[in-house]
Amino acid sequence: MSAKNFLEEIIEADLKSGRHQRIVTRFPPEPNGYLHIGHAKSIHLNFGLADKYGGITNLRFDDTNPTTEETEYVESIKRDIRWLGYEWENEFYASDYFERLYEFAEKLIRKGLAYVDDSTSEEIAAMKGTPTSPGINSPYRNRSVEENLDLFRRMRAGEFPDGMRVLRAKIDMASPNMHLRDPVMYRIKHEAHHRTGTDWCIYPMYDFAHGQCDSLEGITHSICTMEFEVHRPLYEWFIEQLEIFPSRQYEFARLNLSYTVLSKRKLLQLVNEGHVSGWDDPRMPTLSGLRRRGYTPEAIREFCERIGVARRDNVVDVGLLEYCIREDLNRRAQRRMVVLSPLKLILTNYPEGQTEWLPLENNPEDASAGMREVPFSRELYMEQEDFMEMPVKGFLRMAPGRLVRLKGAYVVRCDDVVKDEKGAVVAVRATYLPETRSGGASEVKVKSTLHWVCAAHAVPVKVLLYDRLFQVEHPAAQDEPLHTLLNPQSLAIVEQAMAEPSLRQAAPGEYFQFLRKGYFTPDLTTTPDRPVFNRTVTLKDHWAAKQPAGAGS
RNA sequence: UGACCUGUGGUGUAACUGGCAACACGUCUGACUCUGGAUCAGAAGAGUCCUGGUUCGAGCCCAGGCAGGUCAACCA
């Protein structure tokens, strides 16, 4: 491995000093939404670190808020983590610890460090002060231990309605850290929980749950994102007052990716407002969206490795993600030929009714991928953009009088074109050079090689071409409403592309490179009668990059 | 007008804990190629937010600024 990141240095120091014999990490999602690429960074860190240093990682659902959490999300989260290739040591839920947490709360009450507050949430907010001015003590702050215990037990027993009272830690209303100004520990919610049902009507807040759960599980390194840094003094305060295993919290900067958003709220908004088809729309940065788009878990893990970890704000170029998937797919994707925008190509000197089955390699990067046979005959389809009647400077492809090679077949010479009444080119006529058949020893040199599909055997397929969802590099930093920043070209639908016959059987989970066009994968909705492919990413294309905007697809 | 965190090429991370800034992506050349892909070779690009200080020597230490981020949910 390369240079160590700051978490690895901390862990190595802890191992070396004997503070820990073995490290224990955890991935703690709240089951209220789908995982995205930002979570992948966290997963990769937590599982990766434990793996590297011979420790273990628990999966713990942070389910302390019954109003937003659902079992459906639990399942999708587990599926996504496994898909990424990680397996947890234990599957836990914060709700597993509700009884222990309750006992902890009573302990703090007995120590005079927690009290029941009858103030309304508005009053509590008002007494809290602001970041620049201190708060003031609640009138209920000095209740006796007995009264607090009694009230808290009656809260649990369901004697009070939602919002009537809360349990608060008694710390310091003048602390410069807002989180230390007598934070709420428990609130009353007469609501069914996805796991504990109606056993409870009081639920612990994040701050009174997370650290103690970490501690109960013996988590040595509790790794979270920077926004929790201000919570750390409170995290430590609870552990210290409770005199329990001292888990420690470390923060890292969350991932930002260019041309997309990575916040559950904003992603949900895209779904709700109908800008995408759902959480697994292939344009979404969710793991389910990326999977459907054709991203491999290996590529995503490689991406997570390459972006590194630090504590400063960052915006990673989505180009790096694309680099990672290209690198992976180049090695493993089978090559196929598909013409996205068909133009008839007629080989005038090729015998009518004859068909040759030509061998083409499935993957030039991997000889073990073998060969396949592809039909070839007099009438073919070629790509419209591979022909120019009046070629511009630098255009290497087909034009009148030019020789080009048809991949895996023959060199052909373009003779003339067929036009419709409006003057548009509807077909290209060419002659083929029989001696230039692939695999032979022909001397003929050409400037370019084109992909093609035999017209008589072509399978019509639907192809979905995706581009970045947003047109601005950092949409999250803009003030404008989200929908005004969307890229109107993020999805282009090709209803009828022409594919070589072997693609009819393609199933989701397979990866292909459509020669010269990019990497593609069958969509979830594909059927043998109506094959549908998603474009994962284009191939790098130095020619297209130099053309005026909008020239390529 | 508070506290805390952060500030290194376009982007993301490094720099043996003080010894004249490295790697990857991107960009640009060229070679090769039956994918304008891949591969190979090479180049440009920062003097480390600013100003002082300590030191033989500072991106690393100190002081003061500046800039960005975070914090005022009975969310996590």
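Below 30°, between 30° and 60°, or above 60°: for A/Tyr102 and A/Trp200 the angle between ring planes is between 30° and 60°, a tilted geometry. Taking the six-membered ring for Trp and thresholds of 30 and 60 degrees, A/Tyr203 and A/His193 have nearly parallel ring planes, at less than 30 degrees apart.
Remark: side-chain polar atoms of A/Glu322 are not paired, donor with acceptor, to backbone N or O of A/Thr538 under 3.5 angstrom. At least one donor-acceptor pair under 3.5 Å links the side chain of A/Glu383 to the backbone N or O of A/Leu340.
Between B/U8 and B/U1, the two C1' atoms lie 29 Å apart (nearest whole Å). Taking the C1' atoms as reference points, B/G53 lies 24 Å from B/A15, given to the whole Å. Atom C1' of B/G36 sits at a distance of 16 Å from the matching atom of B/U29, rounded to the whole Å. Distance noted for atom C1' between B/C4 and B/A44: 40 Å (whole Å). On the P atoms, B/G65 is 23 Å away from B/U70, given to the nearest whole Å. Taking the P atoms as reference points, B/G42 lies 12 Å from B/A24, given to the whole Å. The same atom, P, is picked in B/A31 and in B/G68; the two are 48 Å apart, to the nearest Å.
Between the side chain of A/Glu365 and the base of B/U39, no donor-acceptor pair of N or O atoms lies under 3.5 Å. Between the side chain of A/His231 and the base of B/A76, at least one donor-acceptor pair of N or O atoms lies under 3.5 Å.
Not one side-chain nitrogen or oxygen of A/Arg254 sits closer than 4.0 Å to the OP1 or OP2 atom of B/U6. OP1 or OP2 of B/C25 lies within a sub-4.0 Å distance of a side-chain N or O belonging to A/Tyr323. OP1 or OP2 of B/G37 has at least one side-chain nitrogen or oxygen of A/His542 nearer than 4.0 Å. For A/Arg516, no side-chain nitrogen or oxygen approaches OP1 or OP2 of B/C34 to under 4.0 Å. Residue A/Lys189 places none of its side-chain N or O atoms closer than 4.0 Å to OP1 or OP2 of B/A73. Contact between the side-chain N/O atoms of A/Lys447 and the OP1/OP2 oxygens of B/G36 is not found at any separation under 4.0 Å. OP1 or OP2 of B/U6 has at least one side-chain nitrogen or oxygen of A/Arg311 nearer than 4.0 Å. Taking 4.0 angstrom as the limit, A/Thr67 places none of its side-chain polar atoms (N or O) nearer than this to OP1 or OP2 of B/C75. Side-chain nitrogen and oxygen atoms of A/Arg312 include at least one within less than 4.0 Å of the OP1 or OP2 phosphate oxygen of B/U13.
Which of B/C75, B/A72, B/C34 sits closest to the side chain of A/Asn65 comes down to B/C75. Across B/C75, B/G36, B/G2, the shortest atom-to-atom separation from the side chain of A/Asp541 is found for B/G36. Listed nucleotides: B/U11, B/C34, B/C74. Nearest to the side chain of A/Thr449: B/C34. Comparing atom distances between the A/Arg306 side chain and each of B/U13, B/A15, B/C25 picks out B/C25 as nearest. If you check B/C74, B/A72, B/U35 against the side chain of A/Thr130, the one that comes closest is B/A72. Here B/C4 is the nucleotide among B/C4, B/C75, B/A72 with the atom lying nearest to any side-chain atom of A/Glu229.
Nucleotide B/A22 forms a Watson-Crick or G-U wobble pair with B/U13, both donor-acceptor distances falling under 3.5 Å. Pairing for B/C74 is absent, judged as Watson-Crick or G-U wobble with the two contacts each under 3.5 Å. Using the Watson-Crick or G-U wobble rule with both distances under 3.5 Å, B/C4 pairs with B/G69. Summarising the base pairing, B/G47 is matched to no nucleotide, lacking a Watson-Crick or G-U wobble pair whose two defining distances lie under 3.5 Å. Summarising the base pairing, B/G52 is matched to B/C62 through a Watson-Crick or G-U wobble pair whose two defining distances lie under 3.5 Å.
The distance between atom CZ of A/Arg168 and atom P of B/A73, rounded to the nearest whole Å, is 12 Å. Between A/Tyr203 atom OH and B/C74 atom P there is a gap of 18 Å when expressed in whole angstrom units. Atom pair A/Glu123:CD and B/A73:P shows a separation of 15 Å (rounding to whole Å applied). Atom-to-atom, CG of A/Leu340 to C1' of B/U35 comes out at 14 Å; the value is rounded to the nearest Å. To the nearest angstrom, C1' of B/G36 lies 11 Å from CD of A/Glu385. Across the protein-nucleic acid pair, A/Lys540 atom NZ and B/A38 atom C1' stand 9 Å apart, rounded to whole Å. Spacing between atom CZ of A/Arg468 and atom C1' of B/G26 amounts to 12 Å, rounded to whole angstrom units. Rounded to a whole Å, the CD atom of A/Glu302 is 18 Å from the P atom of B/G12.
In this structure, the ring of A/Phe514 has its center no less than 6.0 angstrom from the ring center of A/Tyr519. Residues A/Trp357 and A/Phe376 keep their aromatic ring centres 6.0 Å or farther apart. Here the two rings, on A/Phe520 and A/Phe533, have centers that are 6.0 Å apart or farther.
Put simply, the side chain of A/Phe27 reaches to within 4.5 Å of the side chain of A/Ser42, judged on heavy atoms.
Using a 4.0 Å heavy-atom criterion, one finds that A/Ser133 contacts no nucleic acid atom at all. Residue contacts for A/Val166: at a heavy-atom cut-off of 4.0 Å it reaches a base atom on one of the strands shown. Using a 4.0 Å heavy-atom criterion, one finds that A/Ser263 contacts no nucleic acid atom at all.
The residue among A/Asp118 and A/Val309 whose nearest nucleotide of RNA chain B is located toward the 5' end is A/Val309. Comparing A/Asp313 and A/Asn330, the nucleotide of RNA chain B nearest to each residue sits closer to the 5' end for A/Asn330.
Considering A/Arg332, A/Lys540, A/Arg306 as possible partners of A/Glu327, the one that fulfils the salt bridge (Lys or Arg N to Asp or Glu O under 4.0 Å) test is A/Arg306.
Glycosidic torsion of B/G47 falls within 90° of 0, placing the base in syn. For B/U17, the O4'-C1' to base torsion is within 90° of 0; the nucleotide is therefore syn.
Taking the 5.5 Å centre cut-off and the 30° plane limit, the aromatic side chain of A/Tyr206 is not classed as stacked on B/A76.
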